[in-house]
Amino acid sequence: MTKQTLVTGGAGFIGSHLVERLLAQGHAVTVVDNLATGRRENLAGVVDHPRLRFAPVDVRDFATLAPLMTGVDWVFHFAGLADIVPSIQSPLDYHTTNVDGCAYVAEAARLAGVKRVLYAASSTCYGLPDVVPTPETAAIRPMYPYALSKFMGEELLLAWHGIYGLPVLSLRMFNVYGPRSRTSGTYGAVFGVFLAQKLAGKPYTVVGDGTQTRDFTFVSDVVDAFLAAARSDLSGMALNVGSGGSYSINRLVELLGGEVVHVPKRPGEPDVTFADTRLIASRLGWQATVPFEAGVAQMLQHIEAWRSAPVWDPESVREATRDWHKYLSPRG
Ligand code: UDP
């Protein structure tokens, strides 16, 4: 059945993939995006779609946001600021966008009687986990303002569930990658860094010895998880979204091919991220289907998108991560 849907952050990396899928499945989609980090080009394939409405709105602009939710069945809340270093440098921006933003979305959804709210939460809430694969019951240890803000947003939305009965499900995503992941701006996620280095014929800046592993989850699998969450009746909880595996940076280098140069390990970074996905499998019947090798092959097919991306080298990485080392190093 056709649903009225609203995707905040719908011009962003994951949001835009979700928008495409919702339209393909016959739903109507309102994209709410202030284009601070989202890009219109991400929606180039659907821009003229008759069931797409684009609202260039900041989620903190409650007066404009609230009426957009009238008649909406499903709200997917992806709008927010990402990245570690800028969150250390500008924590208040992260608080207002990622935490206050959730309050405005929650309240607008409540007032409009929205049927499902699906939140793009982050596995960074687990910090340096004691248990891997990491279940949802693991200790919450945000290591930097971005992680804290995403977790506080989750708490806020789940509180709206507890207090007002807003039907909220929070999906804690692990290292999502795929076409349209960020190609510009600050130093960040490993795929963008390495693909730009590959195009430029420069060595990959491998952190530490490269044996650390990440639960790299392909974006189409993440979209499947959000659709399963929207269709279910389950609410008031957080579920992990992971690939079912964990892959080393050295393995990624092997798949991409090329030379490496090593840069120092960063404080606050886990050696392993690996989701325990038994809960989402049992509650939503979802599991990832894209093998790491196939996902990396797709990234290579889209590598031209990183042609204009910044090419990092050990010196610029050192400069870009100065505040990271300064603030996140353990204090005696
Ligand atoms: N990484 C790397 N070189 C880089 C950037 C990242 O080796 O230039 C590694 C990093 O140490 C981590 C993995 O890639 O193990 C994923 O890093 P990303 O920042 O994408 O995600 P996160 O660390 O937040 O899981």
Side-chain angles (χ1 to χ4, degrees), residues 1-10 14-15 17-19 21-22 25 27-30 32 59 62 65-66 68-80 98-126 134-138 140 142 149-174 176 217 221-242 275-288:
M1 219 184 84
T2 299
K3 299 287 183 190
Q4 300 296 320
T5 73
L6 184 146
V7 183
T8 74
I14 308 170
H17 284 275
L18 176 66
V19 168
R21 186 82 72 80
L22 288 167
Q25 294 192 348
H27 305 299
V29 184
T30 298
V32 172
V59 289
F62 186 72
L65 175 69
L68 293 171
M69 296 224 187
T70 307
V72 166
D73 300 301
W74 297 345
V75 168
F76 299 88
H77 181 35
F78 282 84
N98 293 359
V99 186
D100 295 351
C102 279
Y104 295 127
V105 168
E107 185 62 358
R110 174 177 88 87
L111 295 176
V114 165
K115 300 198 181 66
R116 305 283 298 154
V117 177
L118 300 314
Y119 175 57
S122 170
S123 61
T124 54
C125 63
Y126 300 123
T134 307
E136 290 81 353
T137 49
I140 297 300
S149 68
K150 289 302 287 184
F151 180 68
M152 289 173 76
E154 176 182 288
E155 289 280 280
L156 192 141
L157 282 157
L158 292 176
W160 252 249
H161 168 79
I163 300 164
Y164 302 109
L166 186 71
V168 174
L169 254 194
S170 180
L171 299 188
R172 294 177 179 167
M173 298 176 282
F174 282 68
V176 185
T217 310
D221 280 330
V222 173
V223 168
D224 288 341
F226 273 86
L227 289 171
R231 286 192 214 103
S232 84
D233 293 328
L234 189 68
S235 53
M237 61 195 298
L239 300 172
N240 287 339
V241 175
D276 183 329
T277 51
R278 284 175 296 180
L279 193 59
I280 191 167
S282 69
R283 296 303 189 93
L284 298 185
W286 173 88
Q287 64 174 29

Within this structure, what is the [atom1]-[atom2] distance for the pair [X] and [Y], rounded to the nearest 0.5 Å?
X	Y	atom1	atom2	value
Ser170	Leu156	OG	CG	11.5 Å
Asp73	Leu6	CG	CG	11.0 Å
His77	Thr8	NE2	OG1	4.5 Å
Leu171	Leu284	CG	CG	7.0 Å
Gln4	Thr70	CD	OG1	11.0 Å

Nearest heavy-atom neighbours spanning [X] and [Y]:
X	Y	value
Glu154	Ala121	OE1-CB, 3.4 Å
Ser149	Tyr119	O-OH, 4.4 Å
Leu157	Ala106	CD2-CB, 3.6 Å
Ala275	Phe174	CB-CE1, 3.4 Å
Asn240	Asp276	ND2-O, 3.1 Å
Ser235	Arg116	CB-NH1, 3.9 Å

Is the shortest heavy-atom distance from the side chain of [X] to the side chain of [Y] under 4.5 Å?
X	Y	value
Arg110	Val117	no
Ser232	Arg283	no
Leu169	His161	no
Cys125	Arg172	yes
Leu111	Phe62	yes
Met173	Phe226	yes

Could you please spell out the steps behind the side chain to side chain contact (heavy atoms under 4.5 Å, CB included) verdict for Glu155 and Val99?
CA-CA 9 Å; Glu155 289 280 280; Val99 186; over 6 Å; no
Do Glu136 and Tyr126 pass the side chain to side chain contact (heavy atoms under 4.5 Å, CB included) test, and can you show the C-alpha distance, the side-chain angles, and the key distance before you say yes or no?
CA-CA 9 Å; Glu136 290 81 353; Tyr126 300 123; 4.0 Å; yes
Apply side chain to side chain contact (heavy atoms under 4.5 Å, CB included) to the pair Thr5 and Leu18, showing each step before the final yes or no.
CA-CA 11 Å; Thr5 73; Leu18 176 66; over 6 Å; no
Name the orientation class of the two ring planes belonging to Trp74 and Phe76 (parallel below 30°, tilted from 30 to 60°, perpendicular beyond 60°).
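Geometry flag for Phe76 against Trp74: perpendicular rings.
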Taking side chain to side chain donor-acceptor pair (under 3.5 Å) as the definition, give me every residue that meets it alongside Thr277, ordered by chain and number, with sequence neighbours left out.
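Side chain to side chain donor-acceptor pair (under 3.5 Å) list for Thr277, sorted by chain: empty.
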Mind checking what makes side chain to side chain donor-acceptor pair (under 3.5 Å) contact with Asp221, not counting sequence neighbours?
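Listed in chain order: Thr289.
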Step by step, would you call Gln25 with Leu227 a side chain to side chain contact (heavy atoms under 4.5 Å, CB included)?
CA-CA 10 Å; Gln25 294 192 348; Leu227 289 171; 3.9 Å; yes
Do Lys115 side-chain atoms and Pro167 backbone N/O form a donor-acceptor pair below 3.5 Å?
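No, Lys115 side chain to Pro167 backbone: no donor-acceptor pair under 3.5 Å.
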Identify, with sequence neighbours excluded, every residue that meets salt bridge (charged side-chain N to carboxylate O under 4.0 Å, His left out) alongside Arg231.
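With neighbours one apart ignored, the set is empty.
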Candidate list Val114, Leu118, Leu158, test side chain to side chain contact (heavy atoms under 4.5 Å, CB included), partner Val168, passing option
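Only one of Val114, Leu118, Leu158 forms a side chain to side chain contact (heavy atoms under 4.5 Å, CB included) with Val168, namely Leu158.
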Just wondering, are more than 12 heavy atoms of other shown residues or ligands nearer than 6.0 Å to CD in Gln287?
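Check fails, neighbour count at 12 or below.
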